[in-house]
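Order of the sequence lines sets the chain letters (A, B, ...), proteins ahead of strands, with each chain counted from 1. Computation of the quantities below employed the complete heavy-atom set of this structure, encompassing side-chain atoms and omitting hydrogens, waters and symmetry-equivalent molecules.
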Number of protein chains: 2
Amino acid sequence: MLAVQEFFENSDYAVSVVDLVNHFKEEMNKATVYRILSRMESEGMIHSFNGMDGLTWYAACKHCSHDHHEDQHPHFQCKKCGRVECLEISLPIPKVKDHKIDSEIVLLVGECNNCQS
Amino acid sequence: MLAVQEFFENSDYAVSVVDLVNHFKEEMNKATVYRILSRMESEGMIHSFNGMDGLTWYAACKHCSHDHHEDQHPHFQCKKCGRVECLEISLPIPKVKDHKIDSEIVLLVGECNNCQS
DNA sequence: TTGTTATTGCAACCTTGTTGCGATAAATTA
DNA sequence: TAATTTATCGCAACAAGGTTGCAATAACAA
Ligand SMILES: [Mn+2]
Ligand SMILES: [Mn+2]
Ligand SMILES: [Zn+2]
Ligand SMILES: [Zn+2]
């Protein structure tokens, strides 16, 4: 589990679970990676969301703990390099007639700073 | 293909591809459903997106054709009844420093009109 | 009718993700 | 320390969504 923890501590970006399984494939079993990720998520160390591709992505939590999860921020995926990051901003939840809206899942798509020529 | 077309014409809601495969399982093969959906999507009759569950959902297009797809609207999923609908509104694309944002994938989650007691 | 193209059924396959279980490691307790 | 309990792990098998190759059929055109 420590290796996975360090992986997140040393990265500002989110990572897809597929990449993670692949990255650790010589060190640990696929099932172990999935189990570590669920454990870390339930302890408020990381959070998960879906990327454009439909895959599950994970990223380090900034201000969460075991009993206080708050990861309602939008995410950004770069079309060119594929990198995904958490955006530490809060978007207004839109009002829609006849709908009681509790939360908002947002994935912004575009080009990151590195990829803009 | 006609049966699937009619299915969309008679519904205001989106439908998950799993429900569709299940709904047509006596009439046609799973592969056929998937192929019909891709064809209909490439012809601008329907569009697809991801629900909370990670599944692929499809909904009828309102103003699209073979060479003009414009399905950038947000979607809404009711936590209680599970129904998913297209919202014919346009949300402002947020500006984020150091990011060139081209599009925005939004899934609003809450309670629909029917489910609010 | 005959040849050509588009659609379908079926089975096999790929991928993401989960689960049961025995083995090993870590933490408790005596 | 030694025995016991608990947590973690590897492995293999499985489940579910989704895709693909191929032969059969249907639709279409000449
Ligand atoms: Mn995040
Ligand atoms: Mn829609
Ligand atoms: Zn980039
Ligand atoms: Zn509802």
Sort out for me which residue in A:V15, A:V21, A:N22, A:V17 forms a side-chain contact (heavy atoms from CB on, under 4.5 Å) with A:D19. A:V15
Quick check for you: among C:dG9, D:dG10, D:dC9, whose closest atom lies nearest to any side-chain atom of A:N29? D:dG10
Establish, with yes or no, whether the OP1 or OP2 oxygen of D:dT19 is under 4.0 angstrom from a side-chain nitrogen or oxygen of B:Y34. no
For D:dT8, does OP1 or OP2 lie under 4.0 Å from any side-chain N or O of A:T32? no
Note the angle between the end axes of the helix from C:dT1-D:dA30 to C:dA30-D:dT1, five pairs defining each, rounded to 10 degrees. 10°
Check whether B:S42 reaches the backbone of B:R39 with its side chain - one donor and one acceptor, N or O, closer than 3.5 Å. yes
Hey, any chance A:Y34 and A:F24 share a hydrophobic cluster, counting ILVMFWY side chains that come within less than 4.5 Å of each other, even indirectly? yes
Between D:dG17, D:dC11, D:dG18, spot the one nearest the side chain of B:L55, thanks. D:dG17
Any N or O donor-acceptor pair under 3.5 Å from the base of D:dG10 to the side chain of A:K30? no
Looking at A:M52, is its backbone amide N or carbonyl O close enough to the side chain of A:Q77 to form a donor-acceptor pair, meaning the two atoms are under 3.5 Å apart? yes
Spell out yes or no: do the side chain of A:R35 and the base of D:dG10 have one donor N/O and one acceptor N/O closer than 3.5 Å? yes
Length of the CE-P vector between A:M40 and D:dT8, whole Å: 13 Å
Please work out whether the ring planes of A:H75 and A:F49 are parallel, tilted or perpendicular, with thresholds of 30° and 60°. parallel
What's B:V18 touching, base or sugar-phosphate or nothing? Going by heavy atoms closer than 4.0 Å. sugar-phosphate
Of all the nucleotides listed (C:dC10, D:dG10, D:dG18), which has the minimum atom distance to the side chain of B:A31? C:dC10
Do B:L20 and B:W57 share a hydrophobic cluster, counting only Ile, Leu, Val, Met, Phe, Trp and Tyr and linking them when any side-chain heavy atoms are less than 4.5 Å apart? yes
